[in-house]
Asker: 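Sharing a structure here in structure tokens format.
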Amino acid sequence: MSTRSFHSLFMVASCAGAALGCYLVSLRVASERAALDNVETRIVLAQRDLRVLQTEIGTRGRLAQLERWNVKVLALSAPAADQFLGGSFELARLTQPERKVDFQAPVVLASAPAPAPKAVTIGQPDTDDAGAPTAQSPRELIHEASLKTETREVPAKPAAAMPAVAALKSTDGPVTTAKPVAKKSVDRPGLAAVKTATKKSVDKPLTIAAKPVTKRIELAKNDPLAPLPEKHSHLAHKDSATGQ
Amino acid sequence: MNAPSPALVAPRPERLRLVGQRRQMLTIMHQRLMFGMLVYAGIVALIALRILWLAAFGDHAGRKEGLISLVPDRGDIVDRDGEPLARTIDAWTIAVHPQKIIGDKLEISRRLAELMPEKTVEQYFALLRSNKPFYYLRRRASPNLVEAVNALGEPGLAIQREPDRLYPQTTLAAHVLGFTDIDGHGAAGVERAFDKYLSDPATRGTPLQLSISSRIQQALEHELGDAMTTFSAIGAAGVVMDVHTGEVLAMTSLPTINPNTPGQGTPEAHFNRATLGVFELGSTFKPFTLAMAMDSGVVSGPGQVYNCPDALPVYGHVIHDTHPFGRTCTVAEIMMESSNIGTAQIADQVGTARQKAWLKKMGFLDRVEIELKERGRALNPGSRWGPFETMTIGFGQGIAVAPLQLAMGYATLFDGGVYHPPTILKVGRDHPLTPGRRVFSEDTSYRMRAILRLVVMKGTGRKADAPGYRIGGKTGTAQKLINGRYSQTVNITSFAGVFPMDDPRYVIVVMLDEPKATKDTYGFTTAGWNVAPVVSRTVSRIAPMLGVAPDMRREPNMGEVLPFVHETKE
């Protein structure tokens, strides 16, 4: 009974409710949109500020200004043609350690015929080093020579000089006194020293290095212990490669 | 109601009529009411619908217009890497409405003279007392000044923001960019040429991208400016151009202006020597003569021999050389030592008609083709173009072209002989490459490489060499025409170079106007001494930026020319 009489009222109320709901949705949408607009406006304003700042920085750091600073203070110049590298190998080559003669290296003498007395002298220069500056240049010469001979004497020496390491690479240039070769051999030991200092594979290169000796004549004749003429070709090849 | 029943009383006829009228009136009234109600309901419905519509789709009241996108008042100009070269900013402007001043005018004049000392107190006072309605005191005022003026608190002083054109790089590429007048319209350069694009609301949102590269432009301007100072030249011009597309990567003319304050530049500085100025560029023309001769079969190759006496009397004139051979010489040697006598003979063999046709095809007889409005018309002998003029044009005297045109000619020669009109806009999707036209054969183009490389390796252009970058090119020292006579002392020196010569990619043309000799040049004012080093320095700076890797082991095929060079000379 009562429900029937309130029917129209319910209808009105529900209609009103629905309308209000719709309106709230629309209001919500409108407010969201307004917020979005605000954000967009802020973005545009920020962009404008960015533009202004960029312009200012660009103006203050204009190329003419940089150039002026460069001329007055920095003095930087364009890289020369030989400062460009072709690839990673050329880059790696730059990291090659500096080559220097290690004066502390054990001195091994060249002449093969009388190994025994030389072994004695080897010990002496080491001790002399501290005191005698005059001994410098001869010692250097001796050092070079020793580097060359060392290869041949590998079997003989070890007892005398444990750190043969340093001399190790000299094996590659086994020629007696020829100057260019001597130069090469000077270069080698430094390298070898550095390498050996870090690596333990010292022994292996020794044996390999010993081989090239065969290439040249006189030394091989002198030294009864000179080993292995077999790998001749290999070694020659290796020599040329390292020589470069 | 009280109407009597018809049975009792016979209705009176008037009464009946009245009843009928009344009924009629009622129906009419009902109709009208109904109509009015409908109209009212309709209006209400309309309003309601509109409100609903607005609620659903409309904008809200607080919405701000015009800030949704950032469209400047005038379009930006950027370089090929997107670096801004010209921008429009909001600048502060200080102006005065003399009639609206309410404070003490003398006092205000004093304060203004303190803040802006460009005018005296008297001048300010006279201005404030004048009848002018409006006067600009300062445009593009600094914020500090604006603050100080604002602190005066005078309502007659107007402080407002106005769009203003700013060139962040100041003088860089000034002649390319140009400047705008006080109304914001382009008055020179790109600003003038593309005024419509830059000011049209539809297009100004996207920046105009030029082919100029600001770093290359800076290198060129700096090196050229250095040389200009060193040799006390009155002017200089330079162009760097892409061989394959005709894009101008850098173009400068010195002395230059600051487009931010164009009014301060002298007329001399406003003159664009690279495009508007035309000059007799001398020996830089010789390669064209040789290319014409090779293309038309007159010269078979760099080994062809000519008689090169110390002086060549022809058509009533005598042609001289700066380095006379006094013997027979090959074409390679003629180019290497820049022999006028040899080139004149080659040009004579090519002939007037063919020379004209070729120069026409290369665009050397017309205005230079570029978007800028400042374009000079090339000068030539016109009706006096006889066999002797053909010879002089062969070595670059008697024809005047703009430096840009010369660059274009070299680009044509080394782009396999194909001409592309030079352009100041970056070639890309928006601005496709214009199809070229063939001028020289590809074979000629190829053979010219070794010849021009020879000039730099062993000839007059040795100082232009930059190790590893394989520059080839030609020096040019032209006597300047002063009062109708060729001066013996005043020169225009130029160098047109191409690099890397084994695969030409870029052309560089530099020119010095009236360079003087210095101690370092041993008194010489020829191109080999003053402009060639500019090319060397500029190329070693810009080539790495352009992606040209230096390589000491690459050269064009020099075997084509070296056998024809007499070696005992050097």
Side-chain angles (χ1 to χ4, degrees), chain A residues 18-72 74-87 90, chain B residues 51-72 76 83-85 87-90 166-173 214-219 221-223 225-226 258 260 466-470 537-545 549-553:
Chain A
L20 197 66
C22 286
Y23 176 70
L24 281 177
V25 167
S26 128
L27 194 67
R28 173 99 185 142
V29 168
S31 66
E32 278 302 318
R33 193 170 287 138
L36 188 65
D37 280 354
N38 270 337
V39 170
E40 273 175 1
T41 308
R42 288 225 311 274
I43 290 173
V44 171
L45 286 175
Q47 277 174 343
R48 204 176 63 181
D49 288 349
L50 275 182
R51 206 175 126 89
V52 168
L53 289 174
Q54 272 174 351
T55 310
E56 181 168 349
I57 291 172
T59 311
R60 288 182 191 277
R62 58 186 180 272
L63 289 168
Q65 182 68 49
L66 298 181
E67 181 95 46
R68 213 169 301 145
W69 284 334
N70 187 37
V71 168
K72 283 186 182 162
L74 302 172
L76 301 175
S77 62
D82 53 1
Q83 286 176 284
F84 288 84
L85 294 179
E90 282 184 46
Chain B
I51 288 172
L52 281 176
W53 173 264
L54 284 181
F57 307 107
D59 295 336
H60 70 92
R63 187 178 177 105
K64 300 179 198 71
E65 290 293 331
L67 273 176
I68 288 311
S69 65
L70 195 66
V71 178
D76 288 358
E83 281 293 311
L85 295 175
R87 270 191 166 169
T88 295
I89 54 161
D90 273 347
L166 176 79
Y167 302 87
Q169 301 283 352
T170 61
T171 60
L172 191 79
S214 46
R215 292 179 302 161
I216 290 161
Q217 176 82 24
Q218 173 62 33
E221 279 187 18
H222 178 74
E223 300 298 343
D226 260 9
N258 183 352
N260 290 309
Y469 293 111
R470 294 95 76 196
R537 284 198 296 267
T538 311
V539 169
S540 34
R541 262 181 82 169
I542 67 175
M545 298 180 202
D551 194 336
M552 306 297 281
R553 286 161 298 186

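We name chains A, B, ... by the order of the sequence lines, and we start the count at 1 in each one.
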Asker: Give me the atom names and distance for the closest heavy-atom approach of Ser540(B) to Ala78(A).
Answerer: O-CB, 3.5 Å
Asker: Specify the closest pair of heavy atoms between Pro550(B) and Ala81(A), including all atoms of both residues, with the distance to one decimal.
Answerer: CB-CB, 3.6 Å
Asker: Kindly give the heavy-atom pair with the smallest separation between Tyr469(B) and Pro79(A), and that separation in Å.
Answerer: OH-O, 4.3 Å
Asker: Could you state the interatomic distance from OG1 (Thr59(A)) to CG (Asn260(B)), rounded to the nearest 0.5 Å?
Answerer: 8.0 Å
Asker: Rounded to the nearest 0.5 Å, what separates atom CG in Leu52(B) from atom OG in Ser26(A)?
Answerer: 8.0 Å
Asker: Is it the side chain or the backbone of Arg51(A) that comes within 4.5 Å of chain B heavy atoms, both, or neither?
Answerer: both
Asker: Might you confirm whether atom CZ of Phe84(A) has over 12 heavy atoms from other residues, nucleotides or ligands at distances under 6.0 Å?
Answerer: yes
Asker: Just do the side-chain contact (heavy atoms from CB on, under 4.5 Å) check on Leu172(B) and Arg62(A) with the steps written out, would you?
Answerer: CA-CA 9 Å; Leu172(B) 191 79; Arg62(A) 58 186 180 272; over 6 Å; no
Asker: Any idea which heavy atoms bring Leu63(A) and Ser214(B) closest together, and the distance?
Answerer: CD1-O, 3.4 Å
Asker: Could you walk me through whether His222(B) and Val71(A) satisfy the side-chain contact (heavy atoms from CB on, under 4.5 Å) test, starting with their C-alpha distance in whole Å, then the side-chain angles of each, then the deciding distance to 0.1 Å, before giving a yes or no?
Answerer: CA-CA 10 Å; His222(B) 178 74; Val71(A) 168; 3.7 Å; yes
Asker: Against chain A, work out which of Glu221(B), Met552(B), Gln169(B) has the most heavy-atom pairs shorter than 4.5 Å and name it.
Answerer: Gln169(B)
